[in-house]
Every structure is written in C-alpha cells, then in structure tokens.
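Here's the structure we're looking at; comments come further down.
Since the structure is predicted, the reported quantities are computational estimates derived from the model, not experimental observations. Throughout, protein chains are lettered first and strands after them, A, B, ... in sequence-line order, and every chain is numbered starting at 1.
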Amino acid sequence: MWKWLHPYANPEVSYHFTGKILPWLGALATLFLSIGIIWALAFAPADYQQGDSFRIFYVHVPAASLSMGIYFGMAIAAFTSMVWQFKLADASAAAMAPVGAIFTAIALITGAAWGKPMWGTWWIWDARLTSELILLFLYLGVIALHNAFEDKNLAGKAAGILTLVGVINLPIIKYSVEWWNTLHQGSTVSKLGKPSMSIDMLWPFVFCFIGFALLVATIICIRFRSEILTRNSIRPWVRTLVSEHLSKHIAQEKNNAI
Amino acid sequence: MSVNQATSLTPPLISVTNLTCIREERLLFDQLNIEINAGDIVQVEGPNGSGKTSLLRILSGLSQPFEGEVFFNQQLISQSREEFHQDLLYLGHLPGVKGEMSAAENLSFNLTLQGAPNNAVNIEKTLSAVNLTGFEDSLASHLSAGQHRRISLARLYKSTAKIWILDEPFTAIDKQGVRALELLFKAHIKQGGCVILTTHQDLLTFEPEQVKKITLDYVFD
Amino acid sequence: MSIANLSYRAVFSLVLKRDLTIAMRHKDDIINPLLFFVIVVTLFPLGIGPEAQTLSRIAPGIIWVAALLSTLLSLDRLFKSDHDDGSLEQMLLSPHPVFILVLAKIVAHWLITGLPLILIAPLLAVLLHLNEQSYGALMLTLLLGTPVLSLLGAIGVGLTVGIKKGGVLLSLLVLPLYIPVLIFATSAIDTAALGLPYSGQLAIIAALFIGSLTLAPFAVGAALKVSTN
Amino acid sequence: MNPRRKKRLTIVASILIGISVVAGLVLYALSQNIDLFYTPSEITQGKKDSGVKPSIGQRIRIGGLVVPNSVKRDPDNLKVSFRLSDMKMPIIFDVSDPMITVYYEGILPDLFREGQGIVANGSLARGPAGELRIEASEVLAKHDENYMPAELADAAGKDYKKLEYSDKQLDSKN
Amino acid sequence: MQFDSFSAFLNMGGYGFYVWLSFGVSAALIAGLLFSSLTSHTKVIKQIGARQQRENKLRQVRKNRQNSTTNNPNEETQ
C-alpha cells in the first residue's frame with residue numbers, strides 16, 4: 001500500500017519534486033488571494049448587522065481554520081515519524097510549526113480587532129479564543145524545542161512527542177473552557193432563525209480560503225526544502241547541489257560587477 | 001571493517017552493520033561494520049572528538065545512529081531490549097553515584113536494578129575489592145571523584161552480564177587499581193564475555209595481538 | 001537469567017524507596033517548594049488587599065496557581081540530578097521497562113512535593129477566607145489534581161533534561177498542559193461555594209488523572225530516550 | 001504462560017482498563033450539568049435539578065434574551081437598563097414569564113439589540129420595590145454565524161440599527 | 001463596488017481602523033514569514049557551502065601530512 005509513496009520518501013526526490021511544484025503553488029496562491037482579497041474588501045456586500053467590520057471575516061476565518069489544520073497535519077507527521085521512523089515527516093513537521101504559529105497569531109489578532117467593535121471587548125476568555133491561545137503556546141513550545149536541540153533528528157523526535165501530547169490537550173482545553181465560561185452557550189444565546197450566508201458573500205470567502213490554503217502550502221514547501229537540506233547536509237547530492245548553486249551565485253555576482 | 005572473523009562458526013555477540021553517526025552536523029564515522037565475539041577485548045581508539053563515546057553509546061543502545069543497525073545475538077537491539085540490557089553493563093563518563101546515599105547503598109541499588117545477586121556481606125566484600133574498605137557507610141558526597149568511580153566499577157565484580165562497555169574506566173584510578181581491573185577483564189573474557197572499552201593507556205597485562213582495536217579518525221566523505 | 005526477572009512491583013518499590021531516601025536526606029527538596037507555595041499564597045492578600053470578600057472569591061484560583069507554580073519549580077529535580085550524575089543512563093540501560101522506573105520516580109516526586117502541599121492547603125485557605133462549603137472540593141481537587149501536575153510535568157522534564165538551559169523552556173512546555181486541571185479544579189471549588197454539585201468537574205479531573213497515569217509514563221520514557229541521546 | 005508474555009499482557013490490560021475508566025468518567029461528567037450560568041427563571045426559581053438559588057450580593061453571570069421594548073436609556077449619561085428573559089421561540093412574552101432587569105452603565109457592544117441573546121456579568125441585588133435585579137459590570141453580545149447583506153436583512157424584516165450615542169452621553173463618563 | 005469614493009473605502013463604514021488593522025497586521029506577518037522562509041533557504045545553502053570548504057581545507061592539510069609521512073591512508077585500521 002505504501003509502495004507508491006516510496007519514491008517520495010527519498011529526500012532527494014522530494015526536494016526536486018517540491019522545487020518543481022513550488023512556482024505553480026506560488027502563482028496559484030497569488031491569483032486566488034488577489035481575487036479573493038479585492039473582492040472581499042471592495043465588492044462583497046456589508047453585513048446587515050456588523051456593517052463593514054464583517055470584512056475581517058475573510059482573513060480571520062481562513063487563518064483560524066488553517067491554524068488548526070496545520071497543527072493537525074503536524075500531529076500526523078509526528079505520528080508517522082514515530083511509528084514508521086520516517087525522517088521526512090520530521091522535516092515536514094518542523095516546516096509547519098512556524099507557519100502554524102503565524103497563522104494562529106493572525107487568527108487571534110484579527111479576532112481581537114473584530115471582537116472589539118462587535119462584542120465590546122478585545123478579548124473574551126471563551127472556549128474558542130482560549131483554545132486558540134493555547135494552540136499558539138503549543139506552537140511556540142514546539143518551535144522552542146526544535147531550536148533547543150543541536151541535532152535536528154532529536155529535535156524532531158522531541159517536538160513530535162510534545163505535538164502528540166498537545167493534540168490530546170487541545171480538545172480538553174476547548175471543552176474545559178466551554179464549561180467554565182459559557183458565553184458561547186450554543187443554541188441558547190445565539191440569535192434565533194437560521195439564514196445562511198448569502199451567496200455573494202460566500203464566493204469571495206471561497207477564493208480567500210483557497211488562496212490562504214495555497215499560500216500556506218507554498219510557505220511550508222519553501223521551509224520543507226530548507227529542512228531537507230539541513231538534515232541531509234552530508235549527502236553527496238546536497239554537496240553537488242550546494243556547490244553548483246554557489247558557483248552560479250559567484251558567476252552572477254561577477255556578471256553584475258561587469 | 002571487521003575485528004574478528006576467524007571464529008565465524010559461532011555467531012558474533014554483537015554485530016554492527018553500516019553504522020553512520022552524525023553529531024552537530026559533523027560526520028563522525030561512516031558505514032562502519034564491526035563484529036565482536038565472545039572472548040574479545042576491543043579497544044576503541046581515536047583522537048578527541050572522533051566519536052569514541054558516541055560509538056559506545058550507540059553500541060549500548062543509549063543513542064540511535066543516523067543510519068545502520070546494531071545486533072545482539074543476531075537480533076536488533078531495539079527489538080530485544082530486555083535480553084540485551086540483561087547481558088550488558090555500560091559505564092559511561094559519569095559514575096551514576098548518588099551523593100545522598102552511602103557507598104554500600106549505591107552499589108546495592110545498582111546491582112539490584114541490574115538483577116545481580118547481592119546481600120550486605122558480599123557488598124562489603126565487593127567494596128573491599130575496589131579498596132573502599134571502611135567507606136561502606138559514608139555518604140558518597142563525602143568521597144572523592146576517584147572513589148565514586150570505584151563504587152561504580154565495583155559492579156564489575158558482581159556482574160552477570162556478558163558484554164561490558166566501558167568508557168574511560170581508568171580515569172582517576174591509580175596504577176594498582178588499573179592492574180586489578182585488567183586482571184578482572186581477563187577473567188571475564190575467559191568466561192565467554194567480551195569487553196569493549198576506550199582508554200588512552202595501553203593495556204599492559206594483555207599481549208598486544210590479543211587486543212582488537214577499532215581506530216576512529218575524522219571522516220569527511 | 002532468572003535473577004534479573006524482578007517483578008514490576010519489586011522494581012517500582014526499589015526506585016521509589018531510593019528516591020524517597022534521597023529526598024529525606026536532602027530535605028531542601030521537600031521544604032523549598034512548600035515554602036514557595038506558602039509565600040506565593042501570602043503575597044496575594046498583600047497585593048490585592050485584605051478584603052475578605054474579594055479574597056474568598058479568588059482563593060481557589062490563588063491556591064491552585066500557587067500549587068501549579070511550586071510544582072513547576074520542583075519538577076527540575078525529577079530527572080535533572082539523575083541525569084547529571086549518570087544514574088539516569090544506568091536506569092535506561094536496566095533490563096526493566098522504562099515506564100515502570102519513570103512511574104516510580106513520578107510517584108516519589110508527588111509524595112515529596114504534592115502531598116505536603118495538600119496537607120498545608122486548608123491552613124492557607126483559612127487565611128484566604130475560602131468559603132466554608134468549598135473545603136471538601138479544595139481537598140478533593142488537590143488530591144486528584146496534583147498527581148496530574150507531576151505526571152504531565154514529567155513529560156516536560158523528560159523532553160528538556162538534556163538541554164543546558166531547559167528551565168524557561170520547561171515552563172513554556174508544561175504550563176499550557178496544566179490549564180485544564182486549573183480550570184476544572186477552580187470551577188469545582190467555585191461551584192461548591194455556590195452550593196451546587198461539582199461531581200462533574202471532579203469526574204473530569206479524575207479522568208485526567210487516570211488518563212495521564214496510564215499514558216504519561218510511556219511519553220516520559222520516549223522523551224528521556226530522545227533527550228539523553 | 002511465559003513470564004515475558006505475562007508482563008506484556010499486564011501492560012496492555014492496564015492501558016485498556018485505564019482508557020475505559022477515562023471514558024466512563026468523561027461520560028459521567030457529560031451527564032452532569034455543569035454551568036456557572038443562570039437564566040432569569042433560575043434566579044427566581046432556582047436551578048432545575050438542585051433548586052439552588054443565588055443569594056443577594058453574590059457575583060453571578062446571567063444569560064438571556066433582551067426583551068423587546070424593554071431597553072431604557074438615560075438621555076444624559078450612559079446608564080441603561082433592560083429586561084432579560086429565558087430563551088424561547090417565538091419571541092412573544094406575557095406577564096407571567098420570569099424576567100430580570102439588568103442595570104448597566106457604559107457603552108453597549110454594537111451587536112446589542114432587542115430580541116438578541118446576551119450575557120452579563122454582575123452581582124445580584126434587590127431593587128427599591130424588593131424585586132431582584134442585576135447590577136452588571138460587563139455586557140457581552142455574541143455574534144451569530146449568519147451573515148447577510150442589508151438588503152436581504154430588510155427583506156427578512158431584521159432590526160439591525162445599532163445604538164447611537166450623543167456627545168452628552170459620552171461626556172458623562174468623564 | 002460597494003463604496004462610492006476612496007475615502008468611503010478607507011473609512012469602511014466607521015470600522016476602518018479595525019478592518020485595516022486586521023488586514024495590515026496579517027499582511028505584515030505573512031510577508032515577514034515569507035521573507036524569512038526564502039532567506040533561510042539561501043542561508044542554509046551558504047552554511048553547507050562554508051562547512052564544505054572548511055572540510056576541504058582540513059582534508060588538504062591531512063593529505064599533505066600523510067604524504068610527508070607516507071603512512072597507510074586507510075582511515076580505520078585493524
């Protein structure tokens with residue numbers, strides 16, 4: 001079952017493969033994001049209740065769901081690396097952590113900027129916000145652990161353990177805060193009646209969401225490639241690649257000088 | 001590189017295949033192959049920082065190599081951990097002696113943990129074998145570094161393990177002590193055990209050809 | 001071969017006895033976290049003001065946060081000294097499963113730091129004018145919750161024991177993991193103060209306790225293998 | 001059974017027992033109603049299962065629906081009062097419904113409006129006529145997950161005007 | 001187009017500060033991340049290159065030494 005995956009488990013192959021798809025990912029991300037953001041800012045209708053502040057939605061919601069999604073991906077990578085001793089999985093987890101942290105921070109900041117005019121406060125200790133904040137702490141812990149070990153392989157394993165412990169912790173925290181502070185008492189405190197999101201608001205959201213997802217994929221790809229290089233720095237293919245790259249660089253500088 | 005292939009009829013006690021070790025992004029050794037049989041005494045040599053300690057830690061299962069496998073009785077050590085550790089005695093740079101416990105308590109705990117038989121009488125005997133008579137009940141924190149080392153070396157006298165992996169066992173030990181240890185090694189390999197050690201001194205009680213050597217040097221390719 | 005087949009119970013009590021002996025001869029380990037706990041708790045009335053009503057409202061939070069911090073402070077001793085003198089290596093190389101040794105060390109840690117804390121907590125609660133109805137809840141949550149602190153903390157120490165400046169990193173890793181215990185414990189005590197049943201919160205803390213008791217020793221074992229590499 | 005097998009079995013069995021105990025405890029906890037949240041009817045009549053009533057002066061958190069036409073604002077300052085009722089469908093009230101009046105001074109969140117669910121933190125007090133009231137220190141409105149343009153909201157007959165504040169009211173705070 | 005003028009666009013119906021704060025902070029954070037990711041890739045390549053050069057130099061030194069003593073060049077001997 002895993003056989004077809006095997007060629008991609010080779011660091012060299014995946015380095016070159018990600019190098020090939022990277023420009024396409026980047027171009028698609030730019031396309032979707034520019035359409036989505038312009039549509040969201042200038043053309044989407046304002047919400048009947050929240051007015052134009054509703055436009056924050058187009059950054060906030062994709063960032064929040066991607067921050068969770070990236071953590072989930074990181075946990076899967078940690079699990080694969082632990083069970084199947086799959087070194088590339090560690091590299092991908094290391095590539096995901098900073099991206100996830102930044103998107104969690106974006107979700108928190110945009111959430112606060114939206115909450116201030118709408119709820120009347122920058123911050124509420126409710127289930128979603130608190131668990132998102134803990135998610136940020138977990139990301140920071142994982143990053144700190146990655147940096148604390150000199151040996152990247154060990155760092156990957158240690159961070160993997162923390163990631164998996166965090167996965168169990170996240171739903172507990174979400175649930176615990178729901179009990180402790182019941183501002184989000186689901187159906188009872190929400191408005192009555194159920195009009196779904198109107199279609200001319202939904203389309204820009206779809207574009208924004210796909211655009212952000214592609215952007216995340218692009219950045220993870222870039223970081224993943226650097227991680228592969230650091231972890232395989234003694235391999236001959238990395239050596240030749242580096243020397244080729246450097247000689248090209250030197251030639252370019254000479255050209256510039258002339 | 002093999003140390004001894006003459007006795008290929010009996011399977012080697014420890015064998016190592018394609019061992020590669022990287023520390024701090026530096027290649028310490030590459031594609032190392034070793035076979036160690038019962039009755040071998042192996043000395044690992046090399047300049048400082050050439051990976052002697054790393055090799056011993058990988059052999060004992062404390063560290064994982066970048067690549068390659070270590071087998072004990074032709075089984076991966078990660079898969080036969082309990083059997084392997086039952087037959088292994090590893091003494092690293094650190095003596096593993098608690099300052100808050102007396103010499104006798106330290107030895108007794110270490111022996112019991114390892115599963116070696118012990119009681120108050122033979123603990124005292126063992127400690128006297130390493131010249132610690134009279135210090136049995138003093139707290140280890142009141143003893144010197146050399147005495148700490150001797151407490152940890154005392155375990156060798158009671159060990160039932162076949163494989164001894166010793167990282168610089170002679171540091172802080174006087175000449176007489178070194179001689180006693182070497183005699184102990186001799187008895188151990190005669191009984192079908194093996195000793196793997198690092199030391200900067202020559203093993204004087206052994207014939208030079210009796211000691212197998214693994215020489216590590218800086219590798220770049 | 002047969003000699004080494006010590007039962008799990010024998011190995012467990014061997015390590016437990018050793019750690020308790022060491023702690024008894026090195027009393028700082030017991031007294032310092034306890035003193036820290038007491039001092040942190042007494043700082044709050046000085047900082048907030050001695051108003052009984054305010055204090056009684058925030059008492060559960062103060063006691064729990066102080067317990068959390070003093071546990072964090074004492075965590076360092078859990079594996080650090082063993083790592084520094086090489087006994088940790090020897091334990092990892094013993095023929096016994098690592099989780100049983102780890103569990104014994106964690107239990108010893110709790111007996112040394114958690115238990116004295118529970119014993120002194122009611123006295124401090126008096127100083128903080130804790131609501132009378134809440135004492136039962138306070139004791140029960142501490143009894144079930146402090147072992148969770150030791151168990152989860154051990155994972156953090158296991159991960160950072162090989163790192164030179166692991167102290168700050170340890171709190172970054174461990175404190176987020178402590179949040180559920182804090183929330184449910186203070187919620188239980190608050191609910192008890194209102195005279196409402198708090199068995200739900202208590203059940204969750206018990207679940208956290210049993211869950212971390214079964215899973216944490218394995219996580220710590222894996223973490224120690226990584227960080228002593 | 002050989003001792004190694006036996007040991008392994010003990011480990012697996014204890015993990016399984018541990019996990020099932022955890023599951024049992026969580027299920028038990030879920031069956032218990034945990035909240036620190038009072039609805040107006042619970043303040044007057046006590047919690048449904050335990051019958052516990054909050055006492056005067058106690059800090060509580062109340063959640064409910066802002067009763068239409070109950071919002072009274074002082075034209076000179078930021079004082080406001082409104083009545084809260086239990087959530088119910090449709091939003092039609094009669095005199096017998098339990099309601100609690102909330103007093104608050106400050107700027108209400110933009111999403112605050114009549115017929116909307118809100119949460120207020122404050123303390124329970126007794127008014128001049130002996131009735132229960134809440135003196136709120138904080139009023140929070142939750143936004144819902146439904147978004148629509150104003151035209152659609154008009155068609156659906158939604159009330160979406162946000163509160164306006166005069167300069168005089170805003171000045172009174174200082 | 002939802003807005004009549006550019007200033008109305010900037011004002012965002014009174015929520016300009018919050019909307020532009022959100023979009024601005026997000027854009028800045030993502031740009032920073034993207035920039036650091038791109039530079040870290042070239043940094044890694046340069047680091048590996050530097051180490052390679054250092055090792056080449058060491059190898060050269062060793063070769064010279066070995067030539068002068070004409071020792072067996074095997075790295076691991078029995």
Where does E:L21 contact chain A at under 4.5 Å (heavy atoms): side chain, backbone, both or neither?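 It is the side chain, since no backbone atom gets that close.
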Need one label for [X]: side chain, backbone, both or neither, based on atoms under 4.5 Å from any heavy atom in chain E.
X      : answer
A:V238 : side chain
A:F212 : side chain
A:L41  : both
A:A44  : backbone
A:I56  : both

Heavy-atom pairs under 4.5 Å with chain E: which of A:L229, A:L241, A:T218 has the most?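 Of the options given, most contacts go to A:L229.
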Quick check on the interface: out of A:A95, A:S53, A:P98, who has the most heavy-atom pairs with chain E under 4.5 Å?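 Winner by heavy-atom pair count: A:S53.
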Distance in Å, E:Q52 CD paired with A:I234 CD1, rounded so as to fall on 0.5 Å steps: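 Here the rounded value is 12.0 Å.
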Are the side chains of A:E227 and E:S40 in touch, meaning some heavy atoms are under 4.5 Å apart?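 Heavy-atom side-chain distance check fails, nothing below 4.5 Å.
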Considering only heavy atoms and a distance below 4.5 Å, find which of E:L34, E:V25, E:L33, E:I30 pairs most often with chain A.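 Winner by heavy-atom pair count: E:L33.
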Tell me whether the rings of A:W122 and E:F17 are parallel (<30°), tilted (30 to 60°) or perpendicular (>60°).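 Ring orientation, 0 to 90° scale: perpendicular.
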